[in-house]
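First comes the structure, then the notes that go with it.
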Amino acid sequence: MNIGQSNFRLDYVCLPPERKIGMHRQDTWELVLNIHGAGMRTIGATTLPIGPGEVILVPPGIQHFWDFDASDTDADGNIRHIALMFGSDVLRQLACVFPEMSEVAECILATAEAVEVQGAEKEALTHLLMDMRGRSALARLPLIIEVLTVLGRAKSTLTVGAYTTLSREEVLMERLRTYCVCNMARNLSLDEVAAYTGMSKSAFCSFMRRTVGMSFTEYVNGMRLAKAALLLSDGNERISDVAYLVGYTDVPYFNRRFKARYGVTPTEFRHRKGR
């Protein structure tokens, strides 16, 4: 079933993380329930961790990308989520046919930013979306009306992204940053990352120099050290564990790089933070 054949489309997605669609935008609303999968999601210019059970509403025209971690899948190696899509015209038509839906439709149409639905509304939407699986398009209609009603009256929401016009290079850098965040704990080769961006190795090196003024190695090491500083500030992991978590297998080398970046050793940094 697609938008051309129906006013609504429900996708129950169950596939390996590497087959997930990349950065995109669409002319419909998209309500997403994440059932199983972790990683990072980018909506507009905002990148945040993906949480289990989260319910996100993305308005039309906002680019978005869910980058799932290959290490967090179900027993079959898949990530799973449900996406309900519908057009703005459907909301207007519902309001015309059913005046009782007018306020609900207007509230949804007035939503200009992507939001995470929380609280009791999140629980209600989760049950409704899960219940739609395996039902016919006709049998889903009353549940969809309930979904729209909950969305239109939702009070517990958190903004998680907004419409923005990004250049091709900005979109590519955001994808690259998300990929590095999700994979920094392992070795990231230049060949692998260049292939991920769809460029040759030489073109990718030129892109990095032109866009961020540094090599890929310098870029990812900066991210790793920043993550290490965060872990040292907020956690109680051993220094060696922090090094491994951010992708350094040689602890003395990690200590030297950290001191070169922050002027103190990881141990001294942690003591200064009072941990």
E237 side chain to Y244 side chain, donor-acceptor N/O pair below 3.5 angstrom
no
Within the 3.5 Å criterion, strictly below it, is a donor on N255 or Y248 matched to an acceptor on the partner's side chain?
no
Where do I50 and G37 come nearest, in terms of heavy atoms and distance?
CG2-O, 3.8 Å
Classify the angle between the aromatic ring planes of Y262 and F258 as parallel (below 30°), tilted (30 to 60°) or perpendicular (above 60°).
tilted
Parallel, tilted or perpendicular: which fits the ring planes of F8 and F86, with parallel below 30° and perpendicular above 60°?
tilted
Would E30 and R25 pass as an ion pair if we require N to O under 4.0 Å?
no
To the closest 0.5 Å, what do you measure between CH2 (W66) and OG1 (T178)?
12.0 Å
To the closest 0.5 Å, what do you measure between OG1 (T149) and CD (E121)?
12.5 Å
Passing option when I56 is tested against V115, L31, I43 for side-chain contact (heavy atoms from CB on, under 4.5 Å):
I43
Hydrophobic cluster identity match, L231 and V251, side-chain contacts under 4.5 Å:
no
Can you run down the salt bridge (charged side-chain N to carboxylate O under 4.0 Å, His left out) pairs that involve residues 81-99, sequence neighbours left out, and say none if there aren't any?
D89-R92
Return each pair, listed once, that meets salt bridge (charged side-chain N to carboxylate O under 4.0 Å, His left out) where at least one residue sits in residues 249-260; pairs must be two or more places apart or across chains.
none
Given 3.5 Å as the limit, does a donor-acceptor pair link the side chain of [X] with the main chain of [Y], or not?
X    : Y    : answer
R140 : R135 : yes
N78  : D74  : no
D131 : H127 : no

Test L33 against L125 for side chain to side chain contact (heavy atoms under 4.5 Å, CB included), laying out the working first.
CA-CA 8 Å; L33 164 64; L125 292 172; over 6 Å; no
